[in-house]
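Have a look at the structure below, then the notes.
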Amino acid sequence: MADLETLTARTPLDPLDIVIGGPSDAGVTLTEIPFQTRLVLRGLPSDKKFVSTVKKALGVELPAKPGTVASSKTARVLWTGPNEWMVYSDDTGLAAALTKAVSNLHAAVTDVTEHYTLIRLSGRHARDVMIKGCAIDLHPREFGPGQCAQSHLGRITVLFDQTDETPSYDILVRASFAEYLWMYLEDAGLEFGVRIENVG
Amino acid sequence: MKGSANGMRALRGGASRYSIFALARNALSYHENWQKAWRSPEPKPEYDVIIVGGGGHGLATAYYLASVHGIRNIAVVEKGWIGGGNTGRNTTIIRSNYLWDESAGIYEHALKLWEGMSQELNFNVMFSQRGVLTLAHSEHELKEMRRRVEAIRLNGIDSEVLSPAQIKQLVPIIDTNPGIRYPVMGGFIQRRGGTARHDAVAWGYARAADDLGVDIIQNCEVTGILRDGGKVTGIETSRGTIKAKKVGVVTAGHSGVVASMAGLNLPIDSRPLQALVSEPIKPCIDTVVMSNAVHMYISQSDKGELVFGAGVDSYNSYSQRGSIPTVESLLAAGVELYPIISRLRVLRTWGGIVDTCPDASPIISKTPIDGLYFNCGWGTGGFKATPGSGHVFADLIARDEPNAIAAPYSLKRFETGYLIDEHGAAGVAH
Amino acid sequence: MSGQSFRIRDKGRIDRSKPVRFTFDGKSYEGFEGDTLASALIANGVHLIGRSFKYHRPRGILAAGSEEPNALIQLGGGNKSEPNLRATQIEIFDGLEAASQNRWPNLKFDVGAINSVFHRLFPAGFYYKTFMWPASLWLKYEHVIRHAAGLGKAPPDRDPDRYEKVHAHADVLIVGGGPAGLAAALAAGKTGARVILADETADWGGSLLSESDCEIDGKEPARWVEETVAELEAMPEVTLVKRCTITGYYDHNYLTGLERVSDHLGAAPEHTPRQRLWKIRAKRVVLATGALERPLVFTDNDRPGVMLSSAVRTYVNRYGVLPGRKAVIFTNNDDAYRTALALEEAHGRVAAIVDVRASVTGPLADAVRAKGITVYENHGIVSVQGTQKVTGIEVMQLDADGTGVTGTAKSLNCDLIAMSGGWNPTVHLFSQSKGKLTWDPEMAAFIPGTASQALASAGACNGTMGLADGLKEGVKLGAEAAREAGHKGRAPAAPKATEPAQGSLRPLWITPGKARLGRKGKHFVDFQNDVTAADVQLAAREGYRSVEHLKRYTTTGMGTDQGKTSNVNALAILSDVLAAEIPSVGTTTFRPPYTPATIGAYAGRNVGKLFEPIRKTRIDEWARANGAKFEHVGQWMRAWYFPKNGETFRQAIDREVKAVRDSVGILDASTLGKIDIQGPDAAEFLNRIYTNAWLKLGVGRCRYGLMLKEDGMVMDDGVTTCIGESHYHMTTTTGGAANVLSWLEEWHQTEWPDLKVFFSSVTEQWSVVAINGPKSRAVMQKLCNDVDFSADAFPFMAMKEGTVAGIPARLYRISFTGELSFEINVPARYGLALWEALMEAGKEFDITPYGTETMHVLRAEKGFIIVGQETDGTVNPLDLGMDWIVSKKKPDFVGKRSLERESMASPERKQLVGLLTEDPQTVLPEGGHVVEKLKPQPPMVMLGHVTSSYYSPNCGRSIAMALIKGGHARHGQTLHVPLEDKVVKVTVTEPRFFDLEGERIDG
Amino acid sequence: MLHITCPWCGPRDDNEFHYGGEAHILRPAAPEKLSDAEWAEYLFLKQNAKGPFLERWSHSAGCRQWFNVVRNTATDEIIEVYPMGELPKSPEGIKAYEGNWRRQSAAEKNAKAGVSGT
């Protein structure tokens, strides 16, 4: 029931009643991207059948290099472990399709769309905000678009990838930690000015 | 307990006895005539008992062997300087309000000895019974606290439940706002608990033991444990071989290392434990306050430094240094509970090595080797136990048989499964 | 009025166009921008700054940097007040308020000074020797001692300022912005390496800013500094951080730094942090931390007006102030002669130079003599006149071996004594990094030996004292470090530098006085803690022969300066007494932080609402809006109960508990841990992890499982469902979720990697609503028409998929209450919608929302355990009477072998029982302990404790569960629970109280 | 703060990792064949070496993978990182492995006799 979705779907940040807006020259902007399809894909890279099947289904080769991202029209695939990937997509049917594709292989597809939400941190000071709470070296020489990492941010664990040179970081956070992360980023951004672009 | 604990037996007669009068008298001679607190003799070829480890526990063991059991031919061998291990690195908290009967037994035994220590040793260890307050921050912790308090009370040990209002009165700098993440929902205090001057404990026992003829040998590292078949015959040291009928090992932080010299394996991991002090400030907290939920405890030294203790670091290490995030979260918790400390400054941080057992309880035990005894695995509880540990260990060594207090702490328990699980009993969130 | 009568007309780097007003002890003064509080006070002729810790002796300014032991200040008031700051480090700003410490009623007249009258009663460690009788009085003595001690005061309340943290990474971190550090930074920067250069002061250049008698590449040192800094600032990969003290050197080249971002501005602009904690991981580190000058230990060397020689030069050349109008230089080396020349150049007068060396020659000596300044060779200062400010001295000739004096004393008038006892390289960070120090007899100091991390020391901190050599070393090591970090590039040529040549020094650790040491006047070693040479000797005589014993017994080096000016002097005096070589006596270990670091900076933003995450479910907002009371469960906030207006806790719970059994109740169970398990070997894996059998669980079927630790103790429990071919959905306790997932991963990866199975957490993928009670089926049927809810079609412990209120859902027929019950799982975004739909549909049955407390009561009525309440890590399944779930057939599972130890089945173990109080209305306190033989008062033998206790409206009485020794054999026995105020009589029963036949499960 | 190189994610600060204690403690394949004392060797006894020590870590804040590390517990220097199921290759690691009393323990013999993990 489509209307039900629009009427009642709630994102983990909705209860914060966040006010959209802020200075136009803000050093960072914050955006929530709540209901994008997110799938945990498990399988063995050594399993040729698995790799080729998945490539067909996602339209892109699974990133084999730790901390890298591969993108196609349908999906963005982040390396999260030697036998694990995080798949982002706007195709709501992807979960079913992918599950079906790998059904008789040693592989697993787990829908975690609701388990997480995604917060996009962008702007000329985005990196300065990130390194306040993240110990990974995000210097352009070390970390750029197409790279992802799982690490601590403040007091929680997140998965993030850099999506452009601005820089912008898409930070995937467990739904129940989203409120904390949002408050954290807002506070950390204060000295540079924060603009909120979208929530929910 | 014989002589020692009840009898305030005056050691050191006359000139060398410490008192305000002695101070005045020596002032006249510009303090040029004070005797050595302890001799630093050359090791003899043989002793009845050798205690390996010149920390508080080892020196206390030697003292009680001499004073209670009348054994005088004793050496304490220390690889560095006495009191240089955990004795001189801990946060000096003393209490006996433990959950299990066995723990209450040993720690209360210790506390009773603390209460007469300065007088017995004629050395002011500054045992300050300012009270040790333990906080509860959730419904779950309140329940755990109630369980603990009831057990302590029925063991005949003093313990008192305090309301947040009473806590605020006792510790004005604490934030009792119910809205914070770890609200102060209650607590219990052991008024007989408190702190002591850690170095003084080692020095006091050393001086008293030395006075009874015990040889305290510093800068003497044990390199081997000599055996004849199943019996111990002495030790190899950096200063040569020393024979002995019995050897008691009390080397907190290095128990595993020494055990392996005797071909023994212990159920022990050695972990860093960090602590720090702030710059001295005028008195602002008169009690020791512990908060297990946020892994921090705080007290204020007589010099005015705020003394903070953290939780044990997660990995094995002998480097006497922990990980900085442990300190960061300790101090965040500090500011959360005591907002006024934010602008104060950390003066000194350090790490000790704690030997932890799977059940977070110590080992006071005979070993498969006749005449070889181990006292170790005190984890973070070592300092408060010092006199009790030394007292029962001396008894074990002298009689080659554990008394009722020491018996539960045998190595055998890891085989049978009769553990005394103090951290298990701390409970997990449901 | 400009009271700056000690300001030098044509010197200093202060900005005379920017006067700054500040107060000290309430009196208003003027200084200039660029002044420190110390230099500004000197400009105004103020030299009495504080009182010492023990004897309350008047103290002035000893140094010009962070090593200052005396001039400690309480800065500001209210919640921004800060104790124990060094006047030498405080940059003044308009409106700054400073106050002296540790004195009463005021600085000039301090009652505490009485201590110095009785000083002979207070030798080192006196407190160990007295205050022992009667024991009961110690707390009283202690009270007095505590209030006498303690320096400054904490602010009254919460800190209004912000603190930041930043993680930084560098190819090369250079610590110290003096000549060597700047040279190193330039060399490293030119290779394109990522360089961080940090300095603890507000200005680049370090010692160069204090010198007027040297040149670099033919330029004034200050010019060279400006040009170098400009060049560095132009390099994109070079980060320059001023006012940043590198405080700690930890494992694997991890260093911390504290940057004072806005302290010098008085108040931080909005949102700007006050301070920032840097956490730096560096591939290579170059230490260029300089050296600290040593005081000389002579009679009454602590009087205001006695200063370190280099500090005097700094005040003259860098700040343009004259610390005294007539100076005496007291030294054991040539460097102090530069101070004499600097003073002369600044129109100050130098009464004489007193030098302990037998004969002094060389360019500096010649220059001084050329100015007509008398040099007393082989002499020492034997007395100092003036208590609140030096007024004069007496000098005498030293005897042959320098342990006594001969001849007659000559008196000299002076108001300043500039002393130099040589230099200690600042090896603190090197030592923190676990590097080994070695003793350099040439300069009589410790210098870096073998390093144990990827670092190098350049310049004075390496014992390289000459300017030219320091610059050369900086350039070389900076380029080397960059190369080792992977950045090629040749080292540029080192700048040429000229400065007066210097001869060697004579270490004379104690300057003899007229009387025997300790008899007349005091030779201070540690100024802040009032430790004298006599104290050090006393400690050694009493057998405190290790350096650590010395420190701890005398407290030397334990002050807020951590012995920067005292440690080596103390060590040397100790080794004298022991007649041992200094290196053999050893040095003390240096511990972080290098200088005291703000607690708030370590806390950063992890305070208040950001102290720790609080996790909420998607139904939380409804509970809040509907007046729920909450409890913390691990990191989660859970609705505890839902009081209606005016209800007490007990009334609310009774209502909720009855409502569930009479009609229907609704619970937010979303916090339960959920793990998605897939793979052909999933069942086999579960079979090894759980105590019961899992190989034959059909699709759509649920089973309760118990997990043990390898030691046989209960770890976690929950229901796991087979939701498809080799696909399982595991639930765990709320608090155990994370642990269980790591537990599964650990066993899989480290023990059974051959098993084909994958685990993923899905805890928050699903919102879970449990509805319980006879009417729950009716409610379900109203909202879901694609599932047959009849008991046969949808039996207990089954799972079905359906659509509830239009939301795709998984329905589990499992029960934690013993009632007919459904746990509805929907995608989290619809959690709130589902809840509201159920509330609406349940209206006609008066559906009752309930929280964790009612859940606990209901499960207790049925005797279901809660891990963490009935268990505490020391309880095994047999103790719980759950033998039924421990498979006898399976060859092995985690914990099986431990369970077979004789002790695990011992009848003496604490076992789970029910307790019924004699008076059905009495509710036992949880945590109460059970005894068999009641005694009039403690101690008494305990059997165990009450784990759960409630009033059960459904049983019409109180119920309780307890773990007691031999409990299973005690059913029917009468025991006692002695409480503080009363004793409760109880009867032991089965731990089950309601619906013993289990007839309600189908509604 | 230790800098530990996750075999997959590269060098990270130690607080991203979960410590797993002594490595190469094989789980007995037939526990029932062991005496209580022998079982206790597997369950409780530690090597706790001062010096090169073989230990397990898991990158819990990252890829959640377990691996082995040779670390000198006296200096905290990390000598080698190697995968689960393999043995150390560094001389220090090999020495530490072979020198461990566990190699002779009944529990390990029992484990090796049957199917074993790492």
Side-chain angles (χ1 to χ4, degrees), chain B residues 18-20 23 27 30-31 34 36-38 81 84 118-119 123-124 128 138-139 143 146-147 150-151 153-156 181 199-200 279-284 302-304 324 327-328 331-332 335-336 339-350 416-418 421 424-425 427-430, chain C residues 82-84 120-121 123 128-132 135 142 145-146 149-155 158-159 250 518-519 538 542-543 546 548 552 560 591-592 596-600 602-603 606-607 611-612 631-634 735 866 868-869 872-874 901 903 925-929 938-940 942 945:
Chain B
Y18 290 163
S19 70
I20 183 70
L23 266 174
Y30 300 92
H31 301 287
W34 288 106
K36 285 207 177 334
W38 57 83
W81 37 282
S118 293
Q119 294 69 29
F123 199 100
N124 188 355
S128 168
S138 68
E139 286 301 322
K143 290 177 180 177
R146 189 57 187 260
R147 174 185 178 189
E150 291 295 331
R153 188 173 59 81
L154 291 175
N155 269 320
R181 172 61 185 87
D199 299 319
E279 291 184 317
I281 50 163
K282 291 296 177 190
C284 68
D302 288 348
K303 205 164 173 262
I324 193 79
V327 171
E328 292 177 83
L331 291 174
V335 173
E336 185 72 0
I340 72 158
I341 70 171
S342 174
R343 292 180 94 84
L344 304 180
R345 287 183 299 275
V346 175
L347 174 58
R348 190 164 65 247
T349 64
W350 67 91
T416 60
Y418 287 107
D421 201 335
V428 296
H430 58 273
Chain C
E82 201 177 0
N84 307 344
R120 277 168 62 187
L121 280 179
Y128 299 121
K129 294 173 174 155
T130 179
F131 303 127
M132 281 175 280
E142 188 183 41
I145 293 171
R146 288 185 66 198
L151 298 177
K153 295 192 189 66
R158 195 173 297 274
D159 187 342
Y250 302 92
R519 300 211 168 194
L538 168 67
E542 287 193 277
S546 117
E548 280 297 332
R552 290 153 181 264
T560 64
R591 293 177 173 137
T598 313
I599 287 173
Y602 287 95
N606 296 341
V607 292
F611 176 62
E612 197 183 279
E631 72 168 333
H632 286 285
V633 181
I866 287 181
Q869 189 161 344
D872 61 9
T874 71
R901 292 171 301 176
S903 63
E926 289 175 350
H929 279 64
M940 48 188 120
M942 291 168 267
H945 77 288

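The structure displayed is predicted, hence computed values, not measured ones. The sequence lines fix the lettering, A, B, ..., with proteins before strands; numbering per chain opens at 1.
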- Item | Selection from B:Arg343, B:Arg146, B:His31, B:Arg348 maximising heavy-atom pairs under 4.5 Å formed with chain C | B:Arg343

- Under a 4.5 Å heavy-atom cutoff, which of C:Pro596, C:Ala603, C:Gly928 has the most pairs with chain B? C:Pro596

- Message: For B:Glu139, is there an ion pair with B:Lys143 - N to carboxylate O distance below 4.0 angstrom?
- Response: no

- Interface moiety of B:Asn155 toward chain C, non-hydrogen atoms closer than 4.5 Å: both

- Message: Would the distance check show the side chain of B:Lys303 and the main-chain N or O of C:Gly150 forming a donor-acceptor pair, the cut-off being under 3.5 Å?
- Response: no

- Query: Which answer fits C:Leu151, side chain, backbone, both or neither, if we ask what part of it has an atom under 4.5 Å from a heavy atom of chain B?
  - Reply: both

- chain B heavy atoms under 4.5 Å from C:Ser546: which part of the residue, side chain, backbone, both or neither? side chain

- Item | Option in B:Val327, B:Leu344, B:Ile341 with maximal non-hydrogen atom pairs under 4.5 Å from chain C | B:Leu344

- Side chains of B:Tyr18 and B:Phe123 in contact at under 4.5 Å (non-hydrogen atoms): yes

- Query: Can you check whether B:Glu328 reaches C:Asn606 side chain to side chain, under 4.5 Å on heavy atoms?
  - Reply: no

- Hey, does C:Gln869 have a side-chain heavy atom less than 4.5 Å from the side chain of C:Glu926? yes

- Could you check which of C:Pro155, C:Ser903, C:Pro938 has the highest count of heavy-atom pairs closer than 4.5 Å to chain B? C:Ser903

- Would you mind telling me which of B:Leu23, B:Asp302, B:Ile20, B:Leu331 has the largest number of heavy-atom pairs within less than 4.5 Å of chain C? B:Asp302

- Query: Based on non-hydrogen pairs under 4.5 Å, which of B:Gly84, B:Ser19, B:Pro283, B:Gly304 is most in contact with chain C?
  - Reply: B:Pro283

- Query: Considering only heavy atoms from C-beta outward, does the side chain of B:Arg345 approach that of C:Asn84 to under 4.5 Å?
  - Reply: yes

- Item | Side-chain H-bond candidate by donor/acceptor type, B:Arg153 with C:His929, under 3.5 Å | no

- Cut-off 4.5 Å, heavy atoms of chain C, and the answer for B:Ile324 is side chain

- Picking from B:Cys284, B:Ser342, B:Ala200, B:Gly417, which has the most non-hydrogen pairs under 4.5 angstrom with chain C? B:Ser342

- Counting heavy-atom pairs under 4.5 Å with chain C, the top scorer among B:Gly156, B:Ser138, B:Pro339 is B:Pro339

- Query: Distance-only, no hydrogens or angles: does the B:Thr349 side chain make a donor-acceptor pair with backbone N or O of C:Pro592 under 3.5 Å?
  - Reply: yes

- Contact origin within C:Pro83 toward chain B - heavy atom pairs under 4.5 Å: both

- Do C:Glu542 and C:Lys129 meet the salt-bridge criterion of a basic N to acidic O distance under 4.0 Å? yes

- Item | Part of C:Arg552 lying under 4.5 Å from any heavy atom of chain B | both

- Most heavy-atom pairs under 4.5 angstrom with chain B, which of C:Met132, C:Lys153, C:Arg158? C:Met132

- For residues C:Asp872 and B:Arg147, determine if any side-chain heavy atom of one lies less than 4.5 Å from a side-chain heavy atom of the other. yes

